[in-house]
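Remarks on the structure that follows.
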Amino acid sequence: MKEFDLIVVGAGPGGSTCAALCVENGGKVLILEACKFPRDKVCGDCLNPTVWPILEQLGLASAVRSLPSTTPAAMRFSVSGHREVEIPTTAPSDEHSYHEERVVRRRDFDALLAARAVELGAVLKDGTPVTGLRHESGIWEVMVASGEIFRAPRVVAADGRNSVIARHRRFYASEAIDRRIGMQTHLPHPVGYDGTLSMRFYRHGYGGIADLGGGLANLCLVANKNSMKELRREVEDHFGIHDRVVWRSITPIARAQAKEPARDGIYLCGDAARVVEPFTGEGISYALRSGALLARILSESNGLNTPPSRHQDEIYRLAHGKLYGKSIWINRLTRFLSEHPGVAQSLGPLLLKYPALLGFLTKKVLNNQTRGSKCRESH
Ligand SMILES: Cc1cc2nc3c(=O)[nH]c(=O)nc-3n(C[C@H](O)[C@H](O)[C@H](O)COP(=O)(O)OP(=O)(O)OC[C@H]3O[C@@H](n4cnc5c(N)ncnc54)[C@H](O)[C@@H]3O)c2cc1C
């Protein structure tokens with residue numbers, strides 16, 4: 001049995017950020033990751049501009065900018081059968097500022113974050129799925145598939161939307177009832193795709209396409225499980241995709257947030273604590289920010305060297321609630337539209353008639369000054 005100050009389960013953006021910042025503050029940290037890295041992940045590959053301060057803190061901002069990636073200058077919104085509206089995201093002079101949205105492959109991005117945690121001193125065991133845990137005399141014993149056991153007084157569950165730890169310790173009030181599924185593929189630019197980051201409500205769900213650079217695009221779809229086949233057909237027709245495409249899938253898309261993000265030395269961050277709707281491309285940012293927030297709270301006042309306390313749990317609960325706060329109402333609106341494709345088909349065209357309103361909503365999500373740039377409409 002090996003002993004650590006902290007065991008982080010999951011080396012996604014939330015887990016690696018938390019581990020890197022805890023180890024930087026002197027903790028002995030182990031990351032247990034189910035997949036062998038580098039690994040792909042069902043995601044739109046879009047980084048919201050709010051990630052940059054955390055990437056700066058991790059010393060990774062320039063490294064991320066050096067990865068194969070693009071900086072979208074605009075977002076295009078559409079509803080099938082209706083006009084398209086383009087909203088500028090960054091002015092050209094913003095390209096290297098905190099305001100930039102960036103499209104970067106998760107395989108590269110997540111590998112960079114995990115490598116940073118290791119560089120700072122964390123131990124990473126990838127290809128090591130956690131299968132269970134138990135509490136023995138104030139210490140968590142974490143079991144992995146090989147039968148090995150690792151021990152620490154604290155465990156961070158950063159193992160995503162289907163968190164084994166959160167489910168095992170009953171952090172969710174109920175199992176997910178969301179009947180939607182997400183699908184994603186990387187493919188060469190479809191003929192006629194001009195590289196603009198585009199979100200579209202189709203009759204059976206929604207889809208987004210983003211330019212990864214080098215002629216590669218990310219295509220993501222979200223629909224109710226029983227409509228996914230139709231959505232795929234609609235999207236393949238829309239982009240004229242005739243070649244066979246290899247899709248990855250994930251479910252659920254939404255789930256009730258954890259009853260509390262911390263209890264008895266177990267802390268949830270990223271999707272494990274709270275899942276946000278993919279449409280607005282904020283999940284990675286919330287994972288990074290909640291991972292960093294948790295690391296700060298765990299490291300404060302010699303935190304990792306003292307036993308877990310209710311007081312520390314409460315501090316994290318309040319700060320976590322504040323992090324998400326009121327800012328996710330637009331995200332909730334997109335979830336509602338996604339769950340009700342009929343409403344999206346009626347309300348979407350109405351929204352497209354008011355580009356200034358769409359510009360306002362986009363600016364809110366990007367937390368960005370779009371500088372009153374003009375929106376463009378086309379049919
Ligand atoms: C269709 C779709 C599109 C999306 N598009 C975007 C987007 O464009 N931009 C954006 O910001 N967000 C997007 N998101 C959301 C984003 O992918 C997540 O919010 C983000 O990945 C959460 O990060 P995380 O670190 O919490 O979890 P994850 O990234 O899910 O990482 C969890 C890690 O834990 C590991 N793990 C799981 N179980 C175990 C176990 N038992 N033992 C050990 N390790 C385990 C996994 O292998 C994984 O590496 C999208 C989501 C979906 C579904």
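Atom set for the values below is all heavy atoms of this structure, side chains included, hydrogens, waters and symmetry mates excluded. Just so you know, ligand 1 is whichever comes first in the structure, and atom 1 is the first atom listed for that ligand. Counting from 1, the numbers follow the sequence of the chain as shown.
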Quick one: which ligand 1 atoms are inside 4.0 Å of a heavy atom on [X]?
X	answer
Arg161	51 (C), 53 (C)
Gly281	7 (C), 9 (N), 10 (C), 11 (O)
Ile250	53 (C)
Cys35	47 (O)
Val9	42 (N), 43 (C)
Asp45	8 (O)
Ala158	32 (C), 33 (C), 34 (O)
Pro278	2 (C), 3 (C), 4 (C), 50 (C), 51 (C), 52 (C), 53 (C)

Kindly say whether [Y] contributes a backbone atom to a donor-acceptor pair with the side chain of [X] at under 3.5 angstrom?
X	Y	result
Asp45	Arg106	yes
Ser69	Leu67	yes
Lys28	Glu3	yes

Using a 4.0 Å heavy-atom threshold (strictly under), name the region of [X] that reaches ligand 1: side chain, backbone, both or neither.
X	value
Leu32	backbone
Asp159	both
Ser163	neither
Arg39	side chain

Under 3.5 Å side-chain donor-acceptor pair for [X] and [Y]:
X	Y	result
Asn48	Glu101	no
Thr334	Thr280	no
Arg200	Ser80	no
Thr70	Asp211	no

Closest protein heavy atom (residue, atom, distance) for [atom]:
atom	answer
atom 11 (O) of ligand 1	Ile284 N, 2.8 Å
atom 45 (C) of ligand 1	Ala34 CB, 3.5 Å
atom 16 (C) of ligand 1	Arg106 NH1, 3.9 Å
atom 28 (P) of ligand 1	Lys41 CE, 3.8 Å
atom 49 (O) of ligand 1	Glu33 OE1, 2.7 Å
atom 13 (C) of ligand 1	Cys43 SG, 3.5 Å
atom 25 (O) of ligand 1	Gly14 N, 2.9 Å
atom 18 (C) of ligand 1	Asp271 OD2, 3.2 Å

Can you confirm whether or not the ring centre of Tyr267 sits under 6.0 Å from the ring centre of Phe171?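 No, the ring of Tyr267 stays outside the 6.0 Å limit from the ring of Phe171, centre to centre.
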Hey, is ligand 1 close enough to [X] that some N/O pair sits below 3.5 Å?
X	result
Pro13	yes
Pro129	no
Cys269	no
Cys46	yes
Val164	no

- request: Look at atom 40 (C) of ligand 1 and find which of Val130, Val276, Leu221 reaches it with the closest heavy atom.
  value: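 Of the listed residues, Val130 has the closest heavy atom.
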Worksheet item: What pairs with Tyr193 under ring-ring contact (aromatic ring centres under 6.0 Å, His included), at least two apart in sequence or on another chain?
Response: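 Result, ring-ring contact (aromatic ring centres under 6.0 Å, His included) vs Tyr193: His189.
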With sequence neighbours excluded, what pairs up with Tyr324 under the ring-ring contact (aromatic ring centres under 6.0 Å, His included) test?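 With sequence neighbours excluded, Tyr324 shows a ring-ring contact (aromatic ring centres under 6.0 Å, His included) to Tyr286, His320, given in chain and number order.
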| request: With Arg65 as the cation and Trp52 as the aromatic partner, state whether NZ or CZ is under 6.0 Å from the six-membered ring centre and within 45° of the axis. | output: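 Satisfied, under 6.0 Å and within 45°.
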- request: Measure from NZ or CZ of Arg167 to the centre of the six-membered ring of Tyr172 and say whether it is under 6.0 Å with the direction within 45° of the ring axis.
  value: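 No, a cation-pi geometry is absent between Arg167 and Tyr172.
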Exercise for the section: Using side-chain hydrogen bond (donor to acceptor under 3.5 Å, both in side chains) as the criterion, point out the one residue from Glu230, Glu234, Lys229 that pairs with His204. Expected result: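 Of the listed options, the one satisfying the test is Glu234.
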(request) Looking only at non-hydrogen atoms, find the nearest pair between Ala262 and Tyr316 and report the distance. (result)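 Result for this residue pair: CB-CD2, 4.0 Å.
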**Asked** Of Pro278, Pro341, Cys220, which is the lone residue that meets side chain to side chain contact (heavy atoms under 4.5 Å, CB included) with Tyr206?
**Response**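 Answer after filtering Pro278, Pro341, Cys220: Pro278.
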Under 4.0 Å, counting heavy atoms only: does Glu282 come that close to any atom of ligand 1?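 Contact present.
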message = I'd like to know whether ligand 1 has Met183 as a neighbour, heavy-atom separation below 4.0 Å.
response =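 Outside the 4.0 Å threshold, so no.
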*Looking at side-chain heavy atoms only, is the closest gap between Thr131 and Val142 below 4.5 Å?*
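Answer no - side chains too far apart.
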